[in-house]
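Being a predicted model, the structure only gives us computed values, none of them experimental. Below, chain A is the first sequence line, B the second, and so on; all start at residue 1.
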There are 2 protein chains.
Amino acid sequence: MTIALPLLTEDGTACCGTVAGGALESEQAERIARVFKALGDPTRVKLLSLIGGSDTGEMCICDLTDPVGLAQPTVSHHMKQLVEAGLATREQRGKWAYFRVVDGALQNAARTLLPE
Amino acid sequence: MTIALPLLTEDGTACCGTVAGGALESEQAERIARVFKALGDPTRVKLLSLIGGSDTGEMCICDLTDPVGLAQPTVSHHMKQLVEAGLATREQRGKWAYFRVVDGALQNAARTLLPE
DNA sequence: TCGATACATCGACAGATGTCAATACGACTG
DNA sequence: CAGTCGTATTGACATCTGTCGATGTATCGA
């Protein structure tokens, strides 16, 4: 199964820019910043760690509201941010929406901070 | 219950041992988010890549305003954010303020995203 | 000493962000 | 079908953020 890599561009040449690898084009900087912006909120960091640390690897909103101590709409809002950043996926099963951490997404984000 | 949470494990100190309470989790989540918040702006990502990719490894504000296309106070503001996040250092030499990327800071940030 | 240069800070502003209550929507259940 | 449950959306609000012009501060050169 192939997963979209939010940090990588489609064109082969200017692909894979890293923060540590020299001057970045604006487009690459924006792409990189978009992911880290999603990681720039303590609630979202906690949400990702909760989901990724769960035994099944997936959690629904109702299981997340209590640990983070925020209202349901707020948690829903944060999860939407994470999904749009390519860090989480949403799957509806019955009444529940199950969220997972996208496999490899955090590794890809980390890679943009390391020297090439 | 103690879970190995890649995002919440401290690199050196007080790692994942006795205190896996919620309060400590929040504190670590905040510390992690603070760094990524600084990386969550395309201008700051570009600034870091410019400085880190320069031949001397350091640049002054006057050399940074043109590449990012923003006014001097704005660049100064962004560099302050990066310094406060621990990602850059500032050194005054004569009229100029030279900024460097903190050695190992990006690697440490990356490590908080990787599995233990 | 005077002017120029490099930078930080201030004040202001528009826009983004995090939060919640209220509400709407969809799916199950009786 | 009616009601309940889990989520998403909306609207509202306070706060934060990015940006710039104007101004203050320190340093250097003439």
Side-chain angles (χ1 to χ4, degrees), chain A residues 24 26-27 29-51 54 56 58-85 87-100, chain B residues 25-27 29-51 54 56 58-85 87-100:
Chain A
L24 287 171
S26 297
E27 191 179 330
E30 266 180 51
R31 185 182 301 268
I32 291 174
R34 206 172 304 135
V35 177
F36 289 132
K37 190 172 190 180
L39 291 170
D41 183 278
T43 297
R44 289 194 286 267
V45 169
K46 205 169 179 181
L47 286 171
L48 279 183
S49 72
L50 283 168
I51 297 172
S54 67
T56 63
E58 63 181 8
M59 292 182 79
C60 59
I61 298 287
C62 56
D63 291 332
L64 291 168
T65 49
D66 252 28
V68 299
L70 292 174
Q72 173 263 318
T74 306
V75 176
S76 202
H77 162 73
H78 282 305
M79 286 313 302
K80 187 177 183 180
Q81 305 279 107
L82 291 171
V83 169
E84 285 175 348
L87 294 173
T89 57
R90 178 189 186 278
E91 184 196 357
Q92 184 91 30
R93 287 208 307 272
K95 294 190 292 187
W96 294 272
Y98 290 94
F99 293 89
R100 308 183 69 92
Chain B
E25 264 191 17
S26 295
E27 193 177 327
E30 263 181 53
R31 179 184 52 81
I32 291 174
R34 208 172 303 132
V35 177
F36 289 130
K37 191 173 188 177
L39 291 170
D41 183 276
T43 297
R44 288 194 287 267
V45 168
K46 207 168 179 179
L47 286 170
L48 280 182
S49 73
L50 282 167
I51 298 172
S54 68
T56 64
E58 62 182 7
M59 294 182 79
C60 59
I61 299 286
C62 58
D63 290 333
L64 291 168
T65 49
D66 254 27
V68 299
L70 293 173
Q72 173 263 318
T74 305
V75 176
S76 204
H77 162 72
H78 282 305
M79 287 313 303
K80 187 176 183 181
Q81 305 280 107
L82 289 171
V83 169
E84 286 175 346
L87 295 172
T89 57
R90 176 188 187 277
E91 183 195 359
Q92 184 91 31
R93 287 208 307 272
K95 293 189 292 187
W96 295 271
Y98 290 94
F99 293 90
R100 302 183 138 270

* Structure fact -> Heavy-atom closest pair (Leu82(A) atom, Ala38(A) atom, distance to 0.1 Å) is CD2-O, 4.1 Å

* **Phe36(B) versus Leu39(A), closest heavy-atom pair with distance** => CB-O, 3.5 Å

* Using only side-chain N and O atoms of Thr74(A), determine if any of them is under 4.0 Å from OP1 or OP2 of dC20(C). => yes

* Rounded distance in Å - CD1 (Ile61(B)) to C1' (dT27(D)) -> 16 Å

* Asked: Are His78(B) and dT17(D) close enough that a side-chain N or O sits under 4.0 Å from OP1 or OP2?
  -> no

* Rounded to whole angstroms, how far apart are CD on Glu84(B) and P on dG18(D)? -> 12 Å

* Would you kindly give the CE-to-P distance between Met59(B) and dC7(C), to the nearest whole Å? => 11 Å

* Quick one: Arg90(B) CZ to dA6(C) P, roughly how many Å, whole number? -> 15 Å

* Asked: Applying the side-chain contact (heavy atoms from CB on, under 4.5 Å) test to Tyr98(A), which of Arg90(A), Met59(A), Glu58(A), Gln92(A) qualifies?
  -> Glu58(A)

* Could you tell me whether Tyr98(A) contacts a base, only the sugar-phosphate backbone, or nothing, with contacts defined as non-hydrogen atoms closer than 4.0 Å? => nothing

* Starting at the 5' end of DNA chain C, which residue's closest nucleotide do you reach first, Gln81(A) or Ala97(B)? -> Ala97(B)

* Specify the separation, in whole Å, of atom CG of Leu70(A) and atom C1' of dA21(C). => 14 Å

* Asked: CE of Met79(B) versus C1' of dG18(D): gap in Å, rounded?
  -> 16 Å

* If each of His77(A) and Lys80(B) is mapped to the nucleotide of DNA chain C with the nearest heavy atom, which maps nearer the 5' terminus, i.e. the 5' end? -> Lys80(B)

* Structure fact -> Smallest heavy-atom separation, Ala85(B) atom then Arg34(B) atom, equals CB-O, 4.3 Å

* Of the non-hydrogen atoms in Leu47(A) and His78(A), which two are nearest, and what is the gap between them? -> CD1-CB, 3.6 Å

* To do: Calculate the interatomic distance between Leu64(B) atom CG and dC7(C) atom C1'; express it in whole Å.
  => 12 Å

* To do: Could you tell me the separation between the CH2 atom of Trp96(B) and the P atom of dC7(C), rounded to a whole number of Å?
  => 8 Å

* Contact check, side chains of Ile51(B) and Met79(B), non-hydrogen atoms, under 4.5 Å -> yes

Listing time: all N or O pairs from protein to nucleotides 22-29 of chain C that are below 3.5 Å?
none

* Asked: Side chains of Val68(A) and Thr74(A): closer than 4.5 Å at any heavy-atom pair?
  -> no

